[in-house]
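All ligand and atom numbering here is 1-based and tracks the order in the structure. Just so it is clear, the values below take in all heavy atoms, side chains as well, and ignore hydrogens, waters and symmetry mates.
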Amino acid sequence: MADVIVVGAGNAAFAAAVAAREQGASVTMLERAPRELAGGNTRFTAGAMRFAYDGVDDLRALMPDLTDEEVAATDFGAYPEAQFLDDMGRVTDYRTDPDLCERLVRESRPTMLWMRRQGVRFAPIWGRQAFKVDGRFRFWGGLTVEAWAGGPGLVDAWTAIAAREGIEVLYGARAVSLLSDDAGVHGVRVKQGGRTRDLMAGAVALAAGGFQANTEWRTRYLGPGWDTAKVRGSRFNTGDGLRMALEIGAMPHGQWSGCHAVQWERNAPEFGDLAVGDGFQKHSYPWGVLINARGERFLDEGADFRNYTYARYGREVLRQPRQFAWQVFDAKVASLLRDEYRIRQVTKVTADTLEDLAARLEDVDAAQALATLTAFNAAVRTEVAFDPNVKDGRRTEGLAIPKSNWANPIDTPPFEAYAVTCGVTFTFGGLRIDRAGAVLDVDLAPIPGLYAAGEMVGGLFYENYPGGTGLMAGAVFGRLAGTSAGAMAGGRDGRSGA
Ligand SMILES: Cc1cc2nc3c(=O)[nH]c(=O)nc-3n(C[C@H](O)[C@H](O)[C@H](O)COP(=O)(O)OP(=O)(O)OC[C@H]3O[C@@H](n4cnc5c(N)ncnc54)[C@H](O)[C@@H]3O)c2cc1C
């Protein structure tokens with residue numbers, strides 16, 4: 001019997017396990033996936049983490065390897081807590097749960113430093129979140145740091161830390177149900193190697209991800225059409241943790257009809273492929289236009305910085321006829337396209353004239369596509385300067401669907417286009433937790449011995465999401481859940497913050 005059982009082995013689960021261990025508890029982690037596929041969605045990420053910092057000194061505390069030359073060559077800016085709070089409010093239409101949001105923001109920097117103390121290393125995201133202006137890199141979207149070697153590096157780092165701390169990880173061990181009675185949760189029923197057994201524990205922390213890999217639940221909660229969306233990450237996140245908690249009377253929370261979904265290679269496999277990671281995403285759309293099967297544009301590609309639109313534009317593509325679109329660019333912006341456009345696994349066409357390009361857009365009304373591109377080109381206010389680092393206000397005028405920033409006429413060959421569909425990242429609906437990370441029941445009383453973290457926590461995200469917040473939320477609430485579970489199982493009062 002362990003003091004604490006943690007269900008899952010992604011970022012939130014490891015944060016919970018290590019925090020529980022810090023409280024002196026013995027910890028066993030249950031990972032449904034086999035070892036070579038372990039790590040949940042976390043392993044699929046680039047490892048980008050959004051946290052509040054007041055300037056480069058805060059970053060140097062986190063990344064002591066930064067050299068003076070690197071600091072001199074970069075404008076890291078600042079990302080104060082107030083701005084993080086504001087971004088969370090703005091993108092969720094002010095629906096984000098204020099208690100959860102405030103904890104996420106205020107604990108973001110301390111939690112990054114805690115991870116660093118544990119042995120997780122970080123690096124600036126030079127390639128994806130900064131552009132070079134006048135010889136200096138400048139960060140533009142509040143997202144500055146990624147885990148060393150991305151998601152795989154983060155999982156490897158956590159796995160090594162867990163081993164060092166004497167935390168046991170059981171692979172291929174699927175949690176099936178919670179062992180509970182009126183006094184609370186006492187363990188987990190687990191199936192491993194075809195054998196089902198009961199593992200007892202003083203407390204259980206659930207960090208088993210959302211339900212995005214469950215077609216039936218996607219259709220049930222997100223709605224019609226979501227059954228055919230691609231899953232960007234792990235096939236193991238089928239909502240088991242949520243189901244187990246709901247079965248014993250846990251209170252759902254947050255936007256159960258909502259999810260994070262992006263533009264994703266049209267011919268990508270049904271689930272994520274660890275060999276490609278997040279390479280199927282196509283995030284450079286602010287520099288081009290999107291065309292659907294009718295040959296029409298259907299959204300404002302330049303509404304905001306990509307970090308604040310990418311997570312809801314997958315849903316917009318899903319709503320289009322046959323659930324796909326083509327992203328169209330010209331040679332002027334080719335150098336701005338992210339690395340993911342240069343992988344082998346892309347559906348891409350090129351042409352030297354717009355007429356040829358329109359004809360090559362498979363499944364598209366070519367005549368209408370050409371008319372749309374021609375009208376777009378004529379509507380761009382070219383007298384405003386193009387600047388990818390700021391919302392430059394270089395927009396279209398007179399179109400039913402405007403492009404508000406970074407509008408460039410698509411007039412310089414060669415032209416290229418990439419086919420995308422909707423890729424679902426993770427679901428927003430989850431459980432209601434209290435300030436100690438304890439799961440609340442439908443009467444809003446904590447369920448003794450049950451904690452939750454990561455994608456399983458409901459209430460933070462509605463409709464949209466600021467890039468890099470998933471891992472940060474997993475770390476903050478994982479650490480909270482683990483600290484409380486460890487203190488409770490070790491006899492200390494883990495609910496003092498409730
Ligand atoms: C392609 C991609 C790129 C992304 N990029 C970023 C990024 O750069 N920055 C960012 O912040 N977020 C990113 N995200 C989102 C991020 O991955 C998640 O928000 C975060 O990893 C969630 O962590 P978690 O620990 O809650 O879940 P996960 O990491 O998904 O872990 C869930 C764990 O539970 C296990 N599990 C499930 N069911 C059971 C069961 N019954 N029994 C035992 N174990 C079970 C799974 O196998 C897994 O180990 C990205 C996601 C994807 C898919």
Side-chain angles (χ1 to χ4, degrees), residues 5-17 29-35 37-51 108 125 128-129 143 145-147 150-151 154-155 158-159 169-178 188-192 204-214 230-244 259-262 264 268 271-274 276-281 283 307 310-311 340 423-428 430 452-457 460-461 465-475 477-478 481:
I5 289 177
V6 177
V7 180
N11 179 57
F14 277 113
M29 298 175 72
L30 305 178
E31 165 59 297
R32 176 178 170 182
R35 191 174 182 135
L37 299 176
N41 265 358
T42 301
R43 184 178 281 280
F44 286 85
T45 71
M49 295 185 71
R50 178 175 296 262
F51 68 102
S108 62
I125 318 177
R128 293 177 165 203
Q129 297 284 334
L143 186 51
V145 168
E146 65 191 353
L154 178 59
V155 173
W158 274 131
T159 306
V169 186
L170 303 181
Y171 292 96
R174 180 181 181 188
V176 181
S177 56
L178 293 167
V188 176
R189 180 158 297 162
V190 57
K191 190 164 181 184
Q192 189 183 24
V204 173
L206 296 171
F211 61 83
Q212 63 277 358
N214 181 333
K230 312 267 186 193
V231 175
R232 294 179 68 202
S234 168
R235 68 183 162 87
F236 297 101
N237 291 0
T238 54
D240 275 0
L242 294 167
R243 176 188 48 76
M244 290 189 287
C259 69
H260 179 304
V262 306
W264 193 248
F271 299 108
D273 176 350
L274 279 170
V276 181
D278 62 2
F280 288 125
Q281 68 199 9
H283 283 357
N307 285 348
Y310 79 112
E340 68 231 22
V424 53
T425 319
F426 67 93
T427 44
F428 290 159
E455 288 174 355
M456 289 191 58
V457 173
L460 265 176
F461 307 119
Y465 154 106
T469 318
L471 291 174
M472 195 66 255
F477 293 102

Which segment of [X] sits under 4.0 Å of ligand 1 when only heavy atoms are counted:
X	answer
Tyr465	side chain
Ala207	backbone
Thr469	backbone
Asp240	side chain
Ala173	backbone

Within the 4.0 Å heavy-atom shell around [X], which atoms of ligand 1 are there?
X	value
Phe44	1 (C), 2 (C), 3 (C)
Asp278	1 (C)
Gly47	8 (O)

So, regarding [X] and ligand 1 (criterion: nitrogen or oxygen to nitrogen or oxygen, under 3.5 Å), is there a contact or not?
X	value
Ala48	yes
Gly470	yes
Asn41	yes
Arg232	no
Thr45	no
Ala12	yes
Ala9	yes

Please determine whether any non-hydrogen atom of Glu31 lies less than 4.0 Å from an atom of ligand 1.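 Glu31: in contact with ligand 1 (<4.0 Å).
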Yes or no: does Gly39 have any heavy atom under 4.0 Å from an atom of ligand 1?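 Yes, that is the case, since the closest heavy atom of the residue is under 4.0 Å from the ligand.
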In terms of the angle between their ring planes, are Tyr465 and Phe428 parallel, tilted or perpendicular, with boundaries placed at 30° and 60°?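 It falls in the parallel class, under 30°.
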